[in-house]
Amino acid sequence: GGLADVRMTSSDGKIAEWKLAEGGRIGLDRDVAGRIARISRDGRVVTRQEWLSDGRLRSAASPATEVVPRYSAEGVLVGLLFAAPGQGEKLSRWLSLDYDERGRPNKLTDYSGAEFTVDYGASGSPVAIRSNQGGIELRRDNSGRVESSETSWGVQQKFSYASRDQVVQ
């Protein structure tokens, strides 16, 4: 594997093409700001990215998936929408991932109505994971280790530790 040749195909440096030692070519196109806009393999686009005027990503797409970031009014990433490409404005297949104010994933939903949420404790570790099918609560010690767990269907488990992180049940 590896590169056999690297050559710029545009005088402004916005388009580059690499010839692979094992055959084939990788192309890289940049937008006017120099950001990667398109990656191709042997002339077929494998990744396309669009950017907002302030430099944030508007969307990224491959032949199988499109990802659209969602931002707060302050410009902070608050979620990602994953969808099959080519669905137009009305999405029929999608998955949405939301982030909390600390940037941790805290909610996952999809087109079928499935929903998963994660609650975090003061230490930043998960203390509850729930879905519309049930969930689990975790109780942690001062070191952040799980002391016990309980599911929404009543299964309880207690944990003790022989050493720092070695679980003895």
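Source: prediction; values computed, not measured. Below, each value reflects all heavy atoms present in this structure, side chains not excepted, and no hydrogens, waters or symmetry copies.
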Q.
Going by side chain to side chain donor-acceptor pair (under 3.5 Å), name the residues that satisfy it together with Asp54, two or more places apart in sequence or in a different chain.
A. Arg56

Q.
Test of understanding: clusters of I, L, V, M, F, W, Y form through side-chain heavy atoms closer than 4.5 Å, transitively. Do Val45 and Leu28 belong to the same one?
A. no

Q. What's the shortest heavy-atom distance between Ser96 and Arg70, and which atoms?
A. OG-NH1, 3.1 Å

Q. What about Leu138 and Tyr161, same hydrophobic cluster or not, with Ile/Leu/Val/Met/Phe/Trp/Tyr joined at side-chain heavy-atom distances under 4.5 Å?
A. yes

Q.
How long is the straight-line distance from CZ of Arg35 back to CZ of Arg30, given to the nearest 0.5 Å?
A. 11.0 Å

Q.
Within the 4.5 Å heavy-atom criterion, are Arg145 and Ser125 side-chain neighbours or not?
A. no

Q) Under a 4.0 Å N-O cut-off, is there an ion pair linking Arg130 with Glu115? A) no

Q: Could you identify which residues cluster with Tyr71, counting Ile, Leu, Val, Met, Phe, Trp and Tyr as linked when any side-chain heavy atoms lie under 4.5 Å apart, either directly or through a chain of such contacts?
A: Trp51, Leu52, Leu57, Val67, Leu77, Leu80, Phe82, Leu95, Leu97, Tyr99, Leu108, Phe116

Q: Verify the distance criterion only: is there a donor paired with an acceptor across the side chains of Ser72 and Glu74 at less than 3.5 Å?
A: yes

**Q.** Heavy-atom pair of closest approach, residues Gln49 and Ala60
**A.** CG-CB, 4.1 Å

Q) Any Lys/Arg nitrogen of Glu50 or Arg48 sitting under 4.0 Å from an Asp/Glu carboxylate oxygen of the other? A) yes

Q: Please test Leu81 against Leu91 for side chain to side chain contact (heavy atoms under 4.5 Å, CB included), starting from the C-alpha separation and ending with a verdict.
A: CA-CA 11 Å; Leu81 178 68; Leu91 300 177; 3.6 Å; yes

Q: Supply the atom-to-atom distance Ser152 OG to Gln133 CD, rounded to the nearest 0.5 angstrom.
A: 9.5 Å

Q. Is any side-chain heavy atom of Arg25 closer than 4.5 Å to a side-chain heavy atom of Leu20?
A. no

Q: Drop me the distance from Thr117's OG1 to Ile129's CD1, to the nearest 0.5 angstrom.
A: 9.0 Å

Q | Spacing of Asp29 atom CG and Arg38 atom CZ [to the nearest 0.5 Å] | A | 4.0 Å

**Q.** All side-chain contact (heavy atoms from CB on, under 4.5 Å) counterparts of Tyr111, not counting sequence neighbours
**A.** Arg93, Trp94

(Q) Nearest 0.5 angstrom please: Glu150 CD to Glu137 CD, how far? (A) 8.0 Å

Q: For Pro85 and Ser62, work out which heavy atoms get closest and say how close.
A: CG-O, 3.9 Å

**Q.** Distance-minimising heavy-atom pair for Gly121 and Arg104
**A.** O-NH1, 4.5 Å

Q: Indicate the atoms forming the closest heavy-atom contact of Phe159 with Val146, along with that distance.
A: CB-O, 3.4 Å

**Q.** Smallest separation among heavy atoms of Ile39 and Ile36, with atom names
**A.** CG1-CG2, 3.9 Å

Q) Should Gln157 and Ile136 be marked as a side chain to side chain contact (heavy atoms under 4.5 Å, CB included) after you check the CA-CA gap, both sets of side-chain angles, and the distance that decides it? A) CA-CA 11 Å; Gln157 191 163 10; Ile136 186 169; over 6 Å; no

